[in-house]
Each structure stands twice: as structure tokens, then as C-alpha cells.
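First the structure, in the form of C-alpha cells, and then the observations on it.
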Amino acid sequence: MAAVTALPVSLSARFKGSFAYFTVKDRLPQILTKTIDTLHRHKNEFFEEYGEKGVEAEKRAISFLSKLRNELQTDKPVTPLEDELPDAALWNQYLEYQRNLSDGNGEPSWFQSPWLFVECYMYRRIHAALAQNPPIGSFDVFKEGKAQNFFESQEAIIALCTYFQELLKNIKDLDEKQLQGELFKLLQVSLWGNKCDLSFSAGEKSSQKSSPLQCLEDMVPYIIVNDMEKLWSLLINAKKRNTDKCNVRVDIILDNAGFELVSDLVLTDFLLSSKLADEIHFHGKSIPWYVSDTTKSDFNWTIKQLQSANHMWMSRCGINWEGNLKKGVWVYQDHMFWTLPHIYSSMAEVAPDLYADLQRSNLLLFKGDLNYRKLTGDRKWEYTVPFHQALNKFHPAPLCSLRTLKSDTQVGLKPGQGEQIQASEPEWMVSGKYGIVQFDATP
Ligand SMILES: O=P(O)(O)OC[C@@]1(O)O[C@H](CO)[C@@H](O)[C@@H]1O
Ligand SMILES: [Mn+2]
């Protein structure tokens with residue numbers, strides 16, 4: 001009989017001094033405080049739009065959020081959701097599951113439970129604070145920050161769009177080697193684009209300032225797992241096998257809006273334009289999430305901004321991308337599973353429809369740190385554990401994580417590799433300076 005190996009423990013704030021501990025202790029309350037400030041600042045706007053009712057809704061949302069911050073900071077039990085939003089029952093079932101896991105060690109709570117669970121729960125409660133308070137129910141408290149990130153990355157966006165439009169001019173004449181070179185460049189831009197997330201900096205500015213293409217070479221040593229060659233093989237082989245009947249579909253599970261999203265759109269446009277893929281499916285969040293994550297409204301807003309930009313190549317990108325959506329070769333999808341606390345190894349059970357949909361893809365690109373945490377279960381893995389093992393049977397299709405390290409979990413390293421980086425850079429797992437392009441194709 002095969003030995004059943006126990007899974008390592010979940011990351012949690014109960015490990016004092018860990019990154020999870022500092023996040024729950026400092027960063028999450030800061031994010032709540034900023035959220036409250038944002039609502040305060042929009043008070044007049046709510047009044048102008050909805051009169052007294054708007055102001056009352058704002059007050060109720062603020063008091064709900066202050067209560068939440070207090071619960072967090074005093075390590076109160078995590079309470080069932082009391083709203084009637086469509087995912088509430090699934091959340092409450094998951095809370096029950098956590099209760100059973102804690103095995104008489106007390107109720108699930110902010111500093112005792114798995115970090116991933118309580119962090120997701122905070123964003124879900126922020127959503128409830130607004131959703132339960134019409135008429136401001138659909139106000140996205142993180143919208144301003146996402147838009148600001150986009151505007152502050154303007155120069156980098158211009159540089160990227162210009163590079164890409166120049167590339168399109170002679171893309172048909174590129175030989176395989178050149179095509180591979182361009183794919184690798186755009187993969188790296190999309191990888192490093194993941195530095196620009198706003199929950200990491202507790203909502204402080206984090207935009208792409210310099211030209212995103214210039215220093216790629218210098219950053220190669222910081223890609224500590226680099227499976228770009230494997231990605232290339234998969235794509236080029238699929239292209240060669242491709243017949244009219246069988247489209248190559250690539251899915252990208254998006255992360256942050258702002259510069260990162262533009263880098264993802266350029267990468268996926270390249271896949272279409274080079275005919276490495278015929279169809280791209282984008283997966284975004286159905287509610288505001290982890291400060292900077294992309295919602296449908298961010299996705300459409302970004303394309304509109306590009307279209308109407310006062311720069312020829314930026315607007316060309318925007319126009320083409322709107323066209324891709326109209327033609328149906330780009331498809332935007334969302335599913336509530338992406339904003340549940342569940343790790344991806346439970347997708348087949350919790351969201352069988354989504355799992356079945358992903359199975360129709362030739363390649364899944366998972367962007368960012370949170371997706372990596374959910375792929376690998378957010379556990380204290382040994383660095384050398386194979387990625388496939390950490391995925392714990394999650395395997396709808398060949399998949400690849402493009403992620404800069406911003407939480408202390410990493411698998412698939414060579415023996416001694418993690419220890420060696422640790423010796424010279426104790427913050428390597430949480431600084432965003434290192435990245436991975438980590439691929440798994442084994443069914
Ligand atoms: O998924 P992303 O945008 O790359 O990163 C999300 C993130 O900033 O949020 C968490 C910290 O609160 C960490 O998991 C991670 O660093
Ligand atoms: Mn994010």
C-alpha cells in the first residue's frame with residue numbers, strides 16, 4: 001500500500017514572527033483603515049448622488065468595517081456571514097469545516113486559523129459592508145487605487161504598447177527561434193508585472209516606473225524556477241498539431257489591475273497574433289478582492305482607457321483588444337470560486353462546472369502570489385517538494401504559475417537552492433524581488 005504522507009501545516013498568524021503573523025497584525029488592519037478613509041472621503045459624492053440615504057449607508061458601512069477591524073485586532077472568533085449574498089452558504093460551510101479542523105483548539109479566529117482563510121474572509125466582509133448597504137452597494141472601495149496604479153504606470157504602458165505594435169508589424173516573418181525569444185520577453189514582462197500589487201504594500205503606491213523591457217536580462221537570475229522552455233514546447237507543439245477543428249485555448253487566471261493587467265493583455269495578444277493560440281479566456285474576480293485584483297469593471301475600464309489614450313500605439317492596443325472581445329477570440333469570465341477561501345485542490349468538488357470548463361483549455365496561466373498560495377494549499381512545504389505534489393491532484397489542464405514571491409511558501413526548488421538564497425537575503429520569499437515561471441503538465 002502506498003504510504004499516505006500527511007500534508008504540512010497551513011501558514012498562520014499563530015506562528016509569531018512569521019510573514020502571516022505580520023500581515024494579520026499590521027497589514028490587514030491598515031487596509032481596513034484605508035477602506036474606512038476612502039468611504040469618508042466619498043461622503044459628499046454619496047450625498048450628491050443619493051441624498052441622505054447615501055450618507056446613512058456610508059455610516060453603516062463604516063461602522064461595520066470598524067467592528068470588523070476590532071474583531072481582527074482582538075483575535076475574536078471568526079463569525080458566520082449574516083448576509084444573503086449568493087456565496088454566503090458556501091462560506092459558512094467552510095467556516096464549519098475550519099471549526100471541525102481546529103479539534104477543540106477553540107473557535108476559528110484571526111490569529112489562530114489558517115492565514116489564507118482569515119485573509120479571504122476579511123475581503124469578503126469588506127464586500128458585505130457595501131453590498132448590504134444600498135444605494136452604495138456596488139461602490140468599489142479599491143477602484144481609485146487601481147486607477148492610480150494605471151495612471152502612474154503610464155510611461156511603462158506606453159513603452160510596452162509601442163514595443164508590441166512594432167513587433168506586430170513583422171510578426172509573420174519571424175522564425176521559430178525569434179518567436180520563442182519574443183514569447184520569453186513578454187512572459188517576463190508579465191511575470192515582473194506582478195510586483196505591482198497593492199495589497200502587498202497595504203494600498204501604498206506600487207506602479208511600474210521604468211521601461212518594462214529594458215532590464216529583463218539583468219533580472220533573469222532572480223527567476224528561481226524557470227520553465228519557459230517547457231511552456232514554449234507545449235505551445236509550439238499544440239500549434240503544429242492544430243487543425244481547423246481543434247482550437248488552441250489558453251486561459252489566464254488574472255491577478256492585479258493596473259500595469260500587471262496591461263502586461264497580461266499584451267502577452268495574450270501576442271499568443272493570438274503569433275497563432276500560438278486561437279482563443280484566450282480571462283478569469284477575473286466577481287467582487288473587489290485583495291485591493292488590486294481585476295474585476296470585470298476594471299478589465300473593461302482598462303481597455304477603454306487604452307482606446308481613448310492620446311498615444312497612437314496605446315490606443316491601437318485598446319482598439320484591437322475591444323475587437324478581440326467582440327469577435328469572441330477573447331472571452332472574459334468570472335466565477336464565485338475565485339473569491340472563496342478554498343484552495344484549488346478542492347475546486348473539482350466545490351465548483352465542478354469551473355473545473356470542467358478549465359479542462360477544455362490547452363494551458364492555464366495563473367498570475368500572482370495569491371493564486372500560487374491557492375495552488376499549493378498555502379502550507380509550510382519543504383522547498384524541494386515537487387510542484388506536482390503540492391498541487392495535490394489539482395490538474396484540470398497543463399498549468400503554469402507566473403508569480404513574484406510575496407509570501408513564505410515555495411516548492412519545486414533544487415536541493416540547497418532555498419537555503420543558499422536565504423543565507424544572503426533573509427527576505428527573499430516576501431520581497432517580490434524573486435519570481436517563478438513554474439510549470440506542471442503531468443496529469
Ligand atoms: O496575488 P498577488 O497580488 O500577487 O499578491 C497578494 C499579496 O500581496 O497578498 C498577500 C498579502 O496580504 C500575499 O499573499 C501576497 O503578497
Ligand atoms: Mn492580487
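In each ligand, atom 1 is the first atom listed, and ligand 1 is the first ligand listed. Note that the structure is a prediction, hence the values are computed from the model and not measured.
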Pairs meeting criterion ring pair (Phe, Tyr, Trp, His ring centres under 6.0 Å) with involvement of residues 401-438, two or more places apart: Tyr222-Tyr434, Tyr383-Trp428

Suppose you place the vertex at the Mn ion (ligand 2); what is the angle out to Asp255 OD1 and Asn256 OD1, to 10°? 90°

Test your reading of the structure: does Asn371 have an N or O sitting under 3.5 Å from an N or O of ligand 1? no

I need the single residue from Phe387, Tyr372, Tyr344, Phe439 that forms a ring-ring contact (aromatic ring centres under 6.0 Å, His included) with Phe366. Which is it? Tyr344

Proximal ligand 1 atoms for Gly368, defined as those under 4.0 Å from one of its heavy atoms: 4 (O)

Does any non-hydrogen side-chain atom of Asp298 lie less than 4.5 Å from one of Lys143? yes

Which atoms of ligand 1 have any heavy atom of Thr23 under 4.0 Å away? 12 (O)

Can you find an N or O of Trp115 that's nearer than 3.5 Å to an N or O of ligand 1? no

Examine Arg373 relative to Trp115 and say whether NZ or CZ is less than 6.0 Å from the centre of the six-membered ring and inside a 45° cone about the ring axis. yes

Is a donor from one side chain sitting under 3.5 angstrom from an acceptor on the other, for His395 and Asp440? yes

Donor on one side chain, acceptor on other, Asp251 and Ser361, under 3.5 Å: yes

Does the ring centre of Tyr97 sit less than 6.0 Å away from the ring centre of Tyr94? yes

If I apply the N/O under 3.5 Å rule, does Asp293 come out as touching ligand 1? no

Restricting to N, O or S atoms, which atom of Asp293 is closest to the Mn ion (ligand 2)? OD1

Would one find an N or O of Asn194, backbone or side chain, under 3.5 Å from an N or O of ligand 1? yes

Quick check on contacts: which atoms of ligand 1 are under 4.0 angstrom from a heavy atom of Asp255? 1 (O), 2 (P), 3 (O), 4 (O)

Residue-level breakdown please: for Glu119 versus ligand 1, do any non-hydrogen atoms fall below 4.0 Å on the side chain, on the backbone, on both, or on neither? side chain

Under 3.5 Å, N or O to N or O, is Arg373 touching ligand 1 that way? yes

Would you check whether Leu370 has a nitrogen or oxygen atom less than 3.5 angstrom from a nitrogen or oxygen atom of ligand 1? yes

Identify which of Lys406, Met429, Arg27 has a heavy atom lying nearest to atom 16 (O) of ligand 1. Lys406

Full working for side-chain hydrogen bond (donor to acceptor under 3.5 Å, both in side chains) between Asn149 and Glu260: CA-CA 10 Å; Asn149 177 291; Glu260 181 172 2; over 6 Å; no

Could I get the full list of ring pair (Phe, Tyr, Trp, His ring centres under 6.0 Å) partners for His281, not counting sequence neighbours? none

Is the distance from the Mn ion (ligand 2) to some N, O or S atom of Ser292 under 2.8 Å? no

Which ligand 1 atoms are under 4.0 Å away from a heavy-atom of Asn256? 3 (O)

Six-ring centre of Tyr290, Lys285 cation under 6.0 angstrom, axis tolerance 45°: no

